[in-house]
Each structure stands twice: as structure tokens, then as C-alpha cells.
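All remarks here apply to the structure that follows.
For clarity, every value in this text was computed on a predicted model and none was experimentally measured.
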Amino acid sequence: MRVDTTKVQDNPRLGWGSDVVAEMLRRLGIEYVCVNPGSSFRGLHDSLINYLGNKNPSMLLALHEQSVVAIAHGYYKACGKPMAVVLHSNVGLMAGMMSIFNAWCDRAPILIFGATGAVDSAVRRSWIDWSHTFRDQGALVRHFVKWDDQPASPAATVDSILRTYQMVCTPPCGPGYVILDRRLQEDELVGEIQLPDIQKFKVPTGLTPSEVAIEQACAMLGSAKRPALLIGRVSSNIDDWKDRVELAELLDARVITDLRSGASFPTEHPLHCGPADLFLSPSGAKVLAESDVVLSLDWPDLADTLVQAKTSARVIQVSVDSQIHNAFSGDHQRLAPVELNIPVLPDAVLKSLIVKFKDRKPVQERAPAQSRECITEFGDLVPTLADVGLALSALRQNKKLCLARVPLNWPAGTYAFREPLDYLGYDGGGGVGSGPGMAVGAALALQGSGRIPVAIMGDGEFLGAASALWTAAHYQIPVLLIVANNRSYFTDEIQQETVARQRQRAVENRWIGQRIDDPPVRIAGLAQDFGVDAEGPITASKDLRAALQRGIDAVESGKPYLIDVLIDPTRGGSFDWLATA
């Protein structure tokens, strides 16, 4: 990755309020600070560049606050570490709010700094400082951040930053917001500032399940004839992955995963009931309906999933998510009927349960999952999403790809997940335009890992925040973006057709207000204008593999690359053929 170099002064002194903030970020081990610039934090901007020398942390520039926060969100999903971002006053905060809500719903920790025109009205600059000052700026996001604070002095920022960092990184995680008054940043320090020993302010370790809870869970699972595992928001640690596989095998439990969360279980495993989807698949519903005990590992919408399956199974829920719930939005989902609730991180129960069932006789081996790699012919027809998935499957071989994003109707059966970083999950809140920034952030985190980041998204999603590509180009962040271009907000076309049919009205009008055509956007040209090598549109499925290979080669050489793929959403659109386990 390229870092913008600075002309560093000799022996810069800790002399200004904003220097304290910058020093705290360095001591906390923050690697990057992503910004879209603004005068309200010009003091902090100077401290990051001229006090820290733009390293540890380094500054990233994005062209819109929506992408600023989305980059930090994607970064966390790929490496499990928080990034810091700075938003310009109230207007920058409002521009980034959708991405903050996504991070909240996805339980992603981000250390967000805001700024405000001087709270002391006597020293405000004319006009703009007044417009950029709210009496309670944190109120804009208070219901969907874990913590917000507005320290009144440089000394107070030390405690504020430490507390916010602890809050956002303590599960259930989420974004936090610290507001820095312009004068606080720009006033010269008076007196000595006591900087802490960071080792004495570590993030609390997670709770372990009680022996009573483990015994109760073992009694329920041990007596089950048809147990099932619902695996939701879990760790991306490879040891936890292996523990989930071992527990499923010991219990002979069918496993259900979905596309909202990252890869959590090998989808080619004979116990996996797939393919994964954003919603409960018919095969998943059948398994749950026949189950007598369900172990839910932080499944996000447990109650509705159980209702869809019409199951009477006894349920064990392992989750700490209720500790973050509030009444502002419905992201907490419906209240589930749970017989045993274990309030710890989901992976914390695995080893204890494995020990209890270790002496079980091995179950009869199941037949391996069926390969579907020859199900689509690559001919002259306009590609489908299934073609894209099968082409990627054919090209991956021994390469380690990481799907940082997939579209809503991604046919998961075309591409297997074999390791935790094979897929990072969705964006949490469903805010259109999060994809490009999250892809760039994930790619930043994956540099040097041997992983090839690949993000597949619709044209509507991409065009909502295409300017994130400039950040990838400028900082030389290698990532492959595949735009599945159906020249429409096609999911909403289907929604409009559904309403029209219900009302016995003309379904032929479903495209109005939905199609991105006449003229079509030159997506490859747009990417090139942002400095990213690009090609397309690819209009025949037979040309997919060669294009994808060029894209993978470009990313392996250290460059971002974009491929515009024209998609036929009417051919295989529902992907019902993938619903068979």
C-alpha cells in the first residue's frame, strides 16, 4: 500500500489539544484514520500529519463520508481490528449516518471522531462555525452507536477516547462517537497532560459459560434425535471454525448458515444444509421443522426463522446481543422463545461441549455434498450470477479468494466456503451504496495475507458510492470489483411486480423508476476515470473466465481492477435449482 509521505519536523512536541488525540490513537495501535476533510477538524488533521508524521496511524482520504465509514466497516470484517474515522462536523456526520447504521446492525466496532464549530459562541468564526454547531450533535446517532461523548478539555479527551475504545471493542461490538470542539483541538496546551499506560486499559475479556449452563445444554443436545445448529454471528478464528465442525460431527447435527454473516462452516460438508441464503431456504426450513433441539449460535433473527420453519424444537440460544438492544430500531428482531439462554459469545461454548461429547461413537458417514461445477454451460448467452459464481469456482483452484461482498440474490451453491475468510458477510443494515467502500476496506486489511479480495455487487449498489474506487487507486489497494450489471434496481422491479399482481394492475410497468438505462452508465469508463483499470461490459458468459482471470492477475500484481458484467436477471433469476440440500 502507498502511504503519502510527509516532510517531518525534528522532535515535534506535544503542544496542542489535537496532538493529544493523535497520540492516543497511536498508543491504542490504530493503524489507519480515514477522512473526508473538513475545517472543523483541521487541528486534528494537522496533528496526524505534522505531529505523527502520517504513520501509526496513516491517513486515508475518501471522497464521501458514506465511504469513509464503510471502509472502516469492511476493514474490521476482514481483520477484526477497529479503524478510526473523522467526520466533518454535523454535515459530515449526517452524510455518513447510513454507514454508521450499517456498522451498528453488523456489530462492527469503529472509532468515529466528529468535530463541531466552537461550542463557546464568543469565539466562533462568522457564518460557517454557527451552521456547523449543534447543541447536542451526538443525539443524531446516539440510538445506533454504543457510546458517544463530547470532552471539554484536552485532558478529558484521554479518558473519553479510552472509554469509547473499550466500549466499541467489547462484545457486542459497535461504533462509538467522540465529538471534538474546534477550540479544544486548536488551543495550545497549558500544563502537563498525563498520558496513560494503555496496558492498564485493555478491552475486557469475554465471559465463559457456567458449568450449570453447559450441563443443561448437554442434557438437551445429548437426548436429541435430530439436532440442528443455526450458525450466525461467530468468530472468524480458524480454531473456532474447526471446533464448530467437530461439534456438529459429534452431535451428527445438521448445520444451517446464511449470507448475512461471514463464512462460518464448510458449505461442502455433508452436514451443511445449504446453500446459504439471506433468508431461510426450503431445505433449511425442512431441517428445522424436523429437528427436536436447535443450538443457535447468535442467529440474528431466531424467532422469525423458527416461525418460518413451523418447528416445535427446544431451543438453546448462545448470544450476548441482547446487551446492546434498544427500542430505537428493530435491528434486535422479534423476541424468540428460548428454553436455555446462555449469555456468552457463541464460540465460547464450543470446547466445553466438545469435551462432554468426545466419547460418543462416530456416526455413520454421510455421502459427500454433490458438486455443481458443470451445471452451467458458458456460451453466447448474456451471463447470469450463477455463471459468475461457477467461473470463480473454476478459477480459484489453490488460490485463496475472499468474497468481500455478494449481491442480494447470490446463488451461493455455485461457490463453496471452505475457510472463515472465504466470505465476509453482508453490511448489516442493507443501506444501498455500502459495497464499494466495504470492499476497499476489506482489501486494505487483507494486504499481505495471501488472500485475493473479490467484491461482487449490483450496478445500483456500485453507483451509490463509486467514488470509493479513487481511494483504492490512490493508495494502491488491490481489490477485484465485479459489477453484476442488470441496468436496473432489479430486486425492486420484482417488488413492484408483486404489488401490481396483488392489485391486478399492469406488471409491464414495473421497470418505471427502476431501470438504469437509456443511456446505460459506462461503468468501466467510470472506474477508469477514478484511476482503476477496468473492462467490460462482458456480454457473453463464454468470455467470463478470461476476464476474471485478467482481474485476478491484476490484483495479484498489486492493482485494483473492475469488471463490468452484463447480467440477465430473468434467466435463472430465482435460483430455485440451488435450494436442494
Side-chain angles (χ1 to χ4, degrees), residues 171-172 205-258 261 263-266 269-274 280 284-303 305-307 309-323 335-366 420 581:
T205 56
L207 296 174
T208 56
S210 70
E211 185 62 28
V212 171
I214 292 297
E215 290 292 346
Q216 289 178 305
C218 287
M220 292 172 66
L221 291 167
S223 63
K225 293 182 171 55
R226 296 175 303 279
L229 269 61
L230 282 170
I231 304 181
R233 293 174 293 217
V234 292
S235 153
S236 60
N237 181 284
I238 187 62
D239 291 333
D240 291 334
W241 170 283
K242 292 176 180 177
D243 283 346
R244 290 190 290 271
V245 174
E246 184 176 0
L247 180 61
E249 291 174 346
L250 288 171
L251 296 173
D252 192 30
R254 297 304 302 274
V255 176
I256 299 169
T257 63
D258 76 352
S261 306
S264 57
F265 194 87
H269 194 287
L271 286 172
H272 184 257
C273 173
L280 186 64
K286 183 174 186 294
V287 163
L288 281 182
E290 296 171 350
S291 297
D292 51 359
V293 176
V294 173
L295 174 61
S296 167
L297 299 178
D298 202 10
W299 188 265
D301 63 339
L302 179 58
T305 299
L306 297 173
V307 168
K310 299 177 181 177
T311 181
S312 58
R314 304 167 71 193
V315 178
I316 305 165
Q317 166 76 318
V318 186
S319 174
V320 295
D321 201 61
S322 62
Q323 296 173 25
L335 193 61
V338 171
E339 185 167 330
L340 176 59
N341 205 329
I342 307 178
V344 299
L345 289 173
D347 292 294
V349 303
L350 298 175
K351 292 191 184 302
S352 296
L353 292 175
I354 287 170
V355 168
K356 297 290 186 181
F357 291 106
K358 200 71 175 179
D359 295 332
R360 273 200 166 193
K361 293 181 181 179
V363 299
Q364 186 175 357
E365 187 174 347
R366 293 174 181 267

Calculate, to the nearest 0.5 Å, the distance between atoms [atom1] and [atom2] belonging to [X] and [Y] respectively.
| X | Y | atom1 | atom2 | result |
| --- | --- | --- | --- | --- |
| I342 | S319 | CD1 | OG | 11.0 Å |
| K358 | L250 | NZ | CG | 6.0 Å |
| R244 | L353 | CZ | CG | 13.5 Å |
| I256 | T305 | CD1 | OG1 | 8.5 Å |
| E339 | Q317 | CD | CD | 13.5 Å |

Given side chain to side chain contact (heavy atoms under 4.5 Å, CB included), test L297 with L295 step by step and report yes or no.
-> CA-CA 6 Å; L297 299 178; L295 174 61; 4.1 Å; yes
Full working for side chain to side chain contact (heavy atoms under 4.5 Å, CB included) between V294 and L288 = CA-CA 8 Å; V294 173; L288 281 182; 3.8 Å; yes
From CA spacing to verdict: side chain to side chain contact (heavy atoms under 4.5 Å, CB included), L221, F357 | CA-CA 10 Å; L221 291 167; F357 291 106; 3.9 Å; yes
Exercise: identify the closest heavy-atom pair between [X] and [Y]:
| X | Y | value |
| --- | --- | --- |
| L271 | A248 | CD1-O, 3.5 Å |
| G232 | P300 | CA-CD, 4.3 Å |
| F265 | W241 | N-CZ3, 3.1 Å |
| A285 | A309 | O-CB, 3.7 Å |
| I238 | P420 | CD1-CD, 3.6 Å |
| S291 | A313 | O-CB, 3.4 Å |

Evaluate the salt bridge (charged side-chain N to carboxylate O under 4.0 Å, His left out) criterion for residues E290 and R226: first the C-alpha distance (whole Å), next the side-chain angles of each, then the deciding distance (0.1 Å), finally the verdict.
-> CA-CA 7 Å; E290 296 171 350; R226 296 175 303 279; over 6 Å; no
N/O donor-acceptor pairs under 3.5 Å from side chains in residues 207-219, not counting sequence neighbours:
unit_1: S210; atom_1: OG; unit_2: A213; atom_2: N; d: 3.0
unit_1: E211; atom_1: OE2; unit_2: K356; atom_2: NZ; d: 3.0
unit_1: E215; atom_1: OE2; unit_2: K356; atom_2: NZ; d: 2.7

Would you check if there is a donor-acceptor pair between the side chains of W299 and D301 at a distance under 3.5 Å?
->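 Present: a donor and an acceptor within the cut-off.
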What's the verdict on salt bridge (charged side-chain N to carboxylate O under 4.0 Å, His left out) for E246 and K242, showing C-alpha distance, side-chain angles and the deciding distance?
-> CA-CA 6 Å; E246 184 176 0; K242 292 176 180 177; over 6 Å; no
Option passing side-chain contact (heavy atoms from CB on, under 4.5 Å) with S296 (candidates I316, V338, L306, L302) = L302
Check for a donor-acceptor pair, side chain of R314 on one end and backbone N or O of A224 on the other, with a separation under 3.5 Å.
-> no
T257 side chain to S264 main-chain N or O, any donor-acceptor pair under 3.5 Å?
-> no
Identify, with sequence neighbours excluded, every residue that meets side-chain contact (heavy atoms from CB on, under 4.5 Å) alongside N237.
->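 N237: side-chain contact (heavy atoms from CB on, under 4.5 Å) contacts with S235, D239, D240.
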Pairs touching residues 228-237 that satisfy salt bridge (charged side-chain N to carboxylate O under 4.0 Å, His left out), sequence neighbours left out |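 Applying salt bridge (charged side-chain N to carboxylate O under 4.0 Å, His left out) to every pair that reaches into residues 228-237, excluding sequence neighbours, yields R233-D298, R233-D321.
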Chi angles and distances behind the side chain to side chain contact (heavy atoms under 4.5 Å, CB included) call for L230, V315 = CA-CA 10 Å; L230 282 170; V315 178; over 6 Å; no
Student check: side-chain heavy atoms of M220 and L340 closer than 4.5 Å |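 They are in contact (side-chain heavy atoms under 4.5 Å apart), so the answer is yes.
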